[in-house]
There are 2 protein chains.
Amino acid sequence: MRRQILDAAWEIARSEGLDGVGMRKLAAAVGMRAPSLYEYFPGKDAIYDAMFAEGNEQLGAAHRALPAPAEVGARRALINSTQAFVEFCSADDARFQLMFQRSVPGWRPSDEAYALAVENLERLDSFLAQCGIEDADSRDIWTAIVTGLASQQVTNDLGGQRWIRLIEQTVDMFLGARGPA
Amino acid sequence: MRRQILDAAWEIARSEGLDGVGMRKLAAAVGMRAPSLYEYFPGKDAIYDAMFAEGNEQLGAAHRALPAPAEVGARRALINSTQAFVEFCSADDARFQLMFQRSVPGWRPSDEAYALAVENLERLDSFLAQCGIEDADSRDIWTAIVTGLASQQVTNDLGGQRWIRLIEQTVDMFLGARGPA
DNA sequence: GTCTATAGCTGGATAGAC
DNA sequence: GTCTATCCAGCTATAGAC
């Protein structure tokens, strides 16, 4: 039942925006009345929280599914992970906004949910290290580039390929500046 | 009086978030009651709209104040404009969110206000062209990089220098990939 | 121009019957 | 577990007195 409620919440968020998720509307979407939702979640914030956690689990799973840098080489690994990330963001703008922008007034993820986000950041760090990117400045430049590609793709060409298809070129630009291959 | 109201609105937005700007609170901040605000603005959306327009005017002014690429060369021009932009974003996160993120549920800029944003984008295009960046792919990569730097700076180190100080290095990376100087 | 008063709505959450 | 009924708080906006 929690599953059904969360699915409905995602659907409303995708079609009407994150702020469109209200207790009455959400309950109606699963054939209930608002008060019944409190049997499954302590409140509305807990629903956003579960969504935030779920998004981070999905991102973690997508990242774990990538081949290791040792297998495919740093260049290919960076391309793969960037494509996976930008496509992940672009596949669901409501999820992107919930996870990476502060677009739900008055809501902040709980500590437990946020821990999943930190876990993903740590996984990324270790992935970058395996790609030979270990100094802090390079990591910061890298994260700026990747989040920039993702936000442009989501904001200006949702569901398209406009920035996704520039990823290889961008990775080569980044690697080229770190010394010739 | 419109000026005073807008100043108060910015102040509330900065301290409590954009959604903290309400008619009662805003009126109280200028020593009025809510209904009196309707003498100066037709409604709340018009206030967001005026703020959006004002932000874009400020950005335009900041950009116009930059030395021309012909004077300082492409590299310096790109560094200057990126620093100016990231600092502009980082100086006021409420303004950043209003202008570049969709963080006011239910509000969209009016056509007139949006025209100012388009004007700024066109100015940027012409600036980039003067820097020798004319193909669409390079422009897209460039905007991704710049917005990425800005969003990382605003989100993770507001008011600091963590990404601002990486701008020179990033511009060199970008230019390096376009053929040796 | 500014006010009081209030309409009219929407939202999350709770009490208590069944 | 689900419901009806309702509370309570918030909001924008308007009517009409002064």
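Per chain, numbering begins at 1; letters A, B, ... match sequence-line order.
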Checklist entry - Going by heavy atoms in the side chains, are R108(A) and R102(A) under 4.5 Å from each other? => result yes
Checklist entry - For the residue pair L26(B) and A9(B), what are the closest heavy atoms and their distance? => result CD1-N, 3.5 Å
Checklist entry - Can we say E134(B) and R139(B) salt-bridge, meaning some charged N sits less than 4.0 Å from an Asp/Glu carboxylate O? => result no
Next on the checklist: Any carboxylate oxygen within less than 4.0 angstrom of a Lys/Arg side-chain nitrogen, looking at D137(A) and R162(B)?
Outcome noted: no
Between the protein and nucleotides 15-18 of chain C, list the N/O to N/O atom pairs that are separated by less than 3.5 angstrom.
none

Checklist entry - Does a sphere of radius 6.0 Å around CD in Q130(A) hold more than 12 heavy atoms from other residues, nucleotides or ligands, not counting ones at 6.0 Å or beyond? => result yes
Checklist entry - Hey, does Y40(B) reach any base, or is it just sugar-phosphate, or nothing, if we go heavy atoms under 4.0 Å? => result sugar-phosphate
Item to check | Residues forming a side-chain contact (heavy atoms from CB on, under 4.5 Å) with R123(B), sequence neighbours excluded | outcome: H63(B), R64(B), E119(B), N120(B)
Item to check | Shortest non-hydrogen contact from I141(A) toward W163(B) | outcome: N-NE1, 4.4 Å
Checklist entry - If you pin P42(A) and G20(A) to their nearest nucleotides in DNA chain C, which one's is more 5'? => result G20(A)
Solution key, residues 37-47 of chain B side-chain donor-acceptor pairs under 3.5 Å, sequence neighbours excluded:
{"residue": "K44(B)", "atom": "NZ", "partner": "V21(B)", "partner atom": "O", "Å": "3.1"}

Item to check | Residue pair S138(A) / R178(A), side-chain heavy-atom distance below 4.5 Å | outcome: yes
Next on the checklist: Could you report the tightest heavy-atom contact between Y114(A) and P109(A), atom names first, then the distance?
Outcome noted: CD1-CG, 4.1 Å
Checklist entry - Could R95(B) and E54(B) be called an ion pair, given the rule that one side-chain N must be under 4.0 Å from one carboxylate O? => result no
Checklist entry - In residues 21-33 of chain B, which ones come under 4.0 Å of DNA chain D, going by heavy atoms? => result V21(B), G22(B), M23(B), R24(B)
Checklist entry - Do the side-chain N or O atoms of S36(B) get closer than 4.0 angstrom to the phosphate oxygens (OP1, OP2) of dC3(C)? => result yes
Next on the checklist: Tell me the interatomic distance from L37(B), atom CG, to dT12(D), atom P, rounded to whole angstroms.
Outcome noted: 10 Å
Checklist entry - Is D135(B) atom CG crowded by more than 12 heavy atoms from other residues, nucleotides or ligands, each under 6.0 Å away? => result yes
Checklist entry - Do D172(A) and R75(A) meet the salt-bridge criterion of a basic N to acidic O distance under 4.0 Å? => result yes
Checklist entry - By a strict heavy-atom criterion of less than 4.0 Å, which residues belonging to residues 43-55 of chain A are in contact with DNA chain C? => result G43(A), K44(A)
Item to check | For DNA chain C, the residues among residues 2-12 of chain A that have a non-hydrogen atom under 4.0 Å from it | outcome: none
Item to check | Protein-nucleotide distance (W107(A), atom CH2; dG11(C), atom C1'), rounded to Å | outcome: 18 Å
